[in-house]
Each structure stands twice: as C-alpha cells, then as structure tokens.
Amino acid sequence: MLIPHYLHQLKLCARNRTLTTAKSLHAQIVKLGIAQCSPLANTLVNVYGKCGSASHALQLFDEMPQRDHIAWASVLTALNQANLSGKTLSVFTSSNGLRPDDFVYSALVKACANLGTIKHGKQVHGNFIVSEYSHDDVVKSSLVDMYAKCDLVDSAKAVFDSIRVKNTISWTAMVSGFAKSGRKEEALELFRRIPVKNLYSWTALISGFVQSGKGLEAFSVFIEMRREKVDILDPLVLSSIVGACANLAASIAGRQVHGLVIALGFDSCVFISNALIDMYAKCSDVVAAKDIFSRMRHRDVVSWTSLIVGMAQHGQAENAMALYDDMVSHGVKPNEVTFVGLIYACSHVGFVAKGRELFQSMTKDYKIRPSLQHYTCLLDLLGRSGLLDEAENLIHSMPFPPDEPTWAALLSACKRQGQGQMGVRIADYLLSSFKPKDPSTYILLSNIYASASLWGKVSEARRKLGDMEVRKDPGYSSVEVRKETEVFYAGETSHPLKHEIFGLLKEFEEEMRRRKGYVPDTSWILHDMDEQEKEKLLFWHSERSAVAYGLLKAVQGTPIRIVKNLRVCGDCHVVLKHISEITEREIIVRDATRYHHFKGGKCSCNDFW
DNA sequence: TTAGGGTTAG
C-alpha cells in the first residue's frame, strides 16, 4: 500500500510544481527502503524534472542500478523541461546504443526542436521512420512542432498529413507553424477546421500572427475569441496581444488590453507586466512603463531590460545607465539584450568610454559573446564620436561578415563627419559588390556621392533605388487625438481639414524661412523632377499633415504623438524641430526604426537616425 | 512516462 500512496503524492507534486514536498517525499522513500522500486524512482525523476530541478533528476538517474525505457524517457524529458536540451542529446548519446521507444523518440525530437538543430532532428526523424514505432502519432506531433520551429513549414505539413488520428495538439502545432511563418491564409484555414479548439489553439494562432508582424490579424482573431466567450484561464494569450499593441504602437488599444489584464486578475504576472512595460515604452509613454515597473513585486531580467531599452530608445541615456546600476546592485544578471540597449544608449549621447567599458564587461564579467548587433551598436558609437578609423577597424576585426545596417552605420558616420573620401570608398564597395536591400541605404549612398559631386554615381544609386521603388510601401502617419486615430498618407490632399492643415503648415514654413533661415533640403527626394515639385512632395509628407492636424485638434498643451510606417526624412526632422520650438509643444514620433521626442527645437535622437 | 500556446534587440 505504501507504493501507490507515494506514487499518488508524487503526482500531486508534479502537478503543483512543489519541489520542497517532492524532496521530503523522496527522503521518506529512501528511509523506508523502497527507493529501488522502479515506478517510484522513475516518477521521482519525472517530478524533479517538472519542478525544474534537472540536477536532482540527473543524480537520481545516475544512481539507478538498472534503467528501463521509462527511466530514460523520464530523464530526457526532465532535461528538456529544465531547458537543457543539449544535455538531453548528450545523455542519450552516452547510452551507447539504447534503442529508443516512442517516448524516447518524443523527448529527442523535442530536444532538437528546442535547440533548433535541424541536422540532428532529421537524423532522429530518419531513425524513427525505420523503427517499429514509425506510426506513432504522438511522435509525429512532436515532429510537426520541430519542423515548424526550424522554419521548415512544408516538412511540418507533410508529417502532419501523415498523422492518422489528429487531435487538438497536432492541429495546434501545425496552426502555430503556419501562423509564425506568416502564412496567414493557411493558418486560418487550418484553424477553422480544428474540430475542438481550446485556449492553446487560439493562443497559437494569435501569437503566431504577432510574431510574424501581423498585429491587426492577431487583433481580429482575439476579438473573435472574446466573442466566442473562450475562458482566458491563463495569461499567455494576453502577453501576445499586449505585444501586438506594442508593435502597432496602438496606445488606446494597449490601455484597453491593460484594463482587461487587470479585470482578469493577471496584473501581478511577471510575463504580462514585462509585456506591458514594453508596450507602454513602444507607445512612447515611458512614464507609464516606469509605473508598471515600479509596482512589480517580482522582477526578472526581462523587466529590467525592457525598461532600460525603452529609456535608451527615447533618448534617456542617463536614466538607462542609472537603472542598469540599480539592476546590478539588485543582483540581477544582465543578458545580451540588456547590453544592446545600454550600448545603444551610449551611442546616442556619445559616451565613448562608457560604451567600450560595457562592451568589454559583457564578455569579461558575464561571459556573453557579442553578437553582430553589439558590434553595430559599438560601431555607431565610435562613428558618431568621430573615431572613424577605429570604427572601420572594428568592422574588419569582428567575427561576423558585416551586414547592411553595419555598413549603413559606418556610412552615415562618414557623412556626418564630412569624411567624403572614406564615404565614397565604402559607397563604391557597397554599390559594386554588396547589393543593399534597404531603400534608405541608397538615399545615403546618393547623398554621399552628391556631396563629392560624383553625379554619375548619384544617378546610378537613384536608378537602383528606382528599380526597387515598385515594392515600396506608401508612407503614412497616424496621430491619436481625443481617443480617435487619424491616418494621413503622403501627398494626401483630400482631408476635410485640408485648408486648415495647409494654412498652418504654410505659416510654419514662412516663419522658419524668415527666422531660422530654413531652406527645404530636397536631397531627400530622389525622384527625377524639378525643385519646386520636390519641395511640394516634402511639404505633403504625411508626418507634417499629422502634426498639423494634432495641433489643430488635440487638447492644448498635450504632446502630439505620431506613428509613421517609414523613416522620417532629414527635412521633416528639421521641420519638426522648428515646429516644436515655434508652438512650444512636444511632438513624439515613432518611425520605422527610432523614436523622436521633439521639444524646444531639439530632438531626443540627437539628430542621429 | 511522450506531443501544442507567452515577455526584452533587430
């Protein structure tokens, strides 16, 4: 009677993740001398895994005099659950020829999925196919998940089609694969065919859409889910939908979702609070982000990092540094994302020594290998501070081939520092052998050639940009005024308030020309047309109409918040600085890559974008 | 004993 009793108690521990109770039960089992009973030992391994203690599971496994397939499957699963899938594969390899059963196959496939090692994954799949378990639907479900996680959605679909009895789990794995890879129609079609949907299926579709940048689609599915009255028993879907608000910079929707989070009682969940910090920061409301952070009772590295990155992006470098010191003194270890934020902050205020120090500390104190992004951030910092040779040396010494943002960082540094010769040398290389894909790189190239009077090359850069223009999205900006969002497209002249908007912008332009010596910088327009036409295009850039509308309609004294799909051009950047000074209003613009807080004639990006 | 959904950069 003792053994069934302990098995029952241990299963309760596994369900409730109570490690202390598991340890005390383990001690009693040892004292009673029944620890060698293999169902008990295997269940203990399993419980330790579920409670997140891989070391206990592994120790127990090592001490087993005999190991059956259940023991192997339990320890491999425990290692997967503790996020140690590398160890899963090495423990299996050390088995010296264990023939996997269906359970072991599942654990191995999951390990490959977690690690993203498709080479191993295909090997395991091959062995599975020729094994006596080759018809097992559970293993096939994990294979669907593995291929989906490794971006081989068609392979996932092939395995999915071979599953004889599909259940909600296998359907969900496939829906998740399609949604994450941006295959919207297939994801939706498959989702509609799921006979019994649960919260996992809805979450898979919604989060997949968010991850593939389809925030609006995610929202419409979420609304449908609410309409269907699906019980939100756990908060995972909420963190995804908060993320959708963040990516869309949809602050009104974001606040509503925040309200829902509170109403459902998930506001003390760390994951959700982290997502909310990020959402408020991305909606340019750093005060609200700080408020969420300060109310949290438990914070993890993502909580600290989200706020540090938010501050860095909004030009609050000193605050970001102070928060980092605070984080370290709280004993929280920074991760690779923390350092991206910190070095980014340094580059915006020109803290060269601090940036170099952080870059070194990352490797020395925290054993984090710098990624290409860390190098690009450091390169930005060096280039911006005029240390162009050091920046170029860094490009040659880094252990990665430089990508387009890296070259763009060096090029824009050359332009800013007036290093025409170096700029032309790099531009020549890019144009002849690199094949940039970002239109803004061609604008940069064209500007560099123009300042060196190399007109032939200017037109070559323009021609290449022209070739890709067909695919370019039309520019638009949105502005939120009194809980309503108004969208303006570039060149749009059909708005009901067009006369008021035109009048206000004309007034600003005249004042800027008279008092600030403003001359429109038409080098940002690369179409072939006369100067007057170019100035007209600049005048109707969507962010200007949006700002004018905001100034006409928003509550006096409140900041004007703009979200733009493309990057703000250099001329609009100058104009918005002037407008913020003339009107004494704060204008906050989130463009495709950066945040700009215009206030009193200055911008938080320090004219670096 | 095995399979599905979540947060920070870009």
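Quick note on labels: first sequence line is chain A, next is B, and so on, each numbered from 1. Keep in mind that this is a model prediction, so the values were computed, not measured.
Residues satisfying the side-chain hydrogen bond (donor to acceptor under 3.5 Å, both in side chains) criterion with A:Asn319, sequence neighbours excluded, are A:Gln316.
As judged by a 4.0 angstrom heavy-atom cut-off over every strand, A:Ala73 is placed among the base-contacting residues. At a threshold of 4.0 angstrom between heavy atoms, the contacts of A:Lys11 are confined to the sugar-phosphate backbone, with no base atom among them.
Under a cutoff of 6.0 Å and an axis angle of 45°, A:Lys197 and A:Phe191 form a cation-pi pair. Cation-pi geometry between A:Lys166 and A:Phe160 is met: the NZ or CZ atom falls under 6.0 Å from the ring centre, inside 45° of the normal.
On a pure distance criterion of 3.5 Å, a polar donor-acceptor pair joins the side chain of A:Asn167 and the base of B:dA3.
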### Message
Using a 4.0 Å heavy-atom cut-off to protein, can you give one letter per nucleotide of nucleotides 4-10 of chain B, 5' to 3': B if the base is in contact, S if only the sugar-phosphate is, - if neither?
### Response
BBBBBBB

### Task
Start with the C-alpha gap between A:Thr43 and A:Asn46, add the side-chain angles, then the distance that decides, and say whether side chain to side chain donor-acceptor pair (under 3.5 Å) holds.
CA-CA 5 Å; A:Thr43 308; A:Asn46 186 283; over 6 Å; no

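Between the C1' atom of B:dA3 and the CE atom of A:Met174 lies a distance of 15 Å, rounded to the nearest Å.
Applying the side-chain hydrogen bond (donor to acceptor under 3.5 Å, both in side chains) test to pairs two or more places apart or on separate chains, those with a residue in residues 291-302 of chain A are A:Asn274-A:Asp300, A:Asp291-A:Arg295, A:Asp300-A:Ser303.
Side-chain contact of A:Ser170 with A:Asn167: a donor-acceptor pair under 3.5 Å is present, judged by distance alone.
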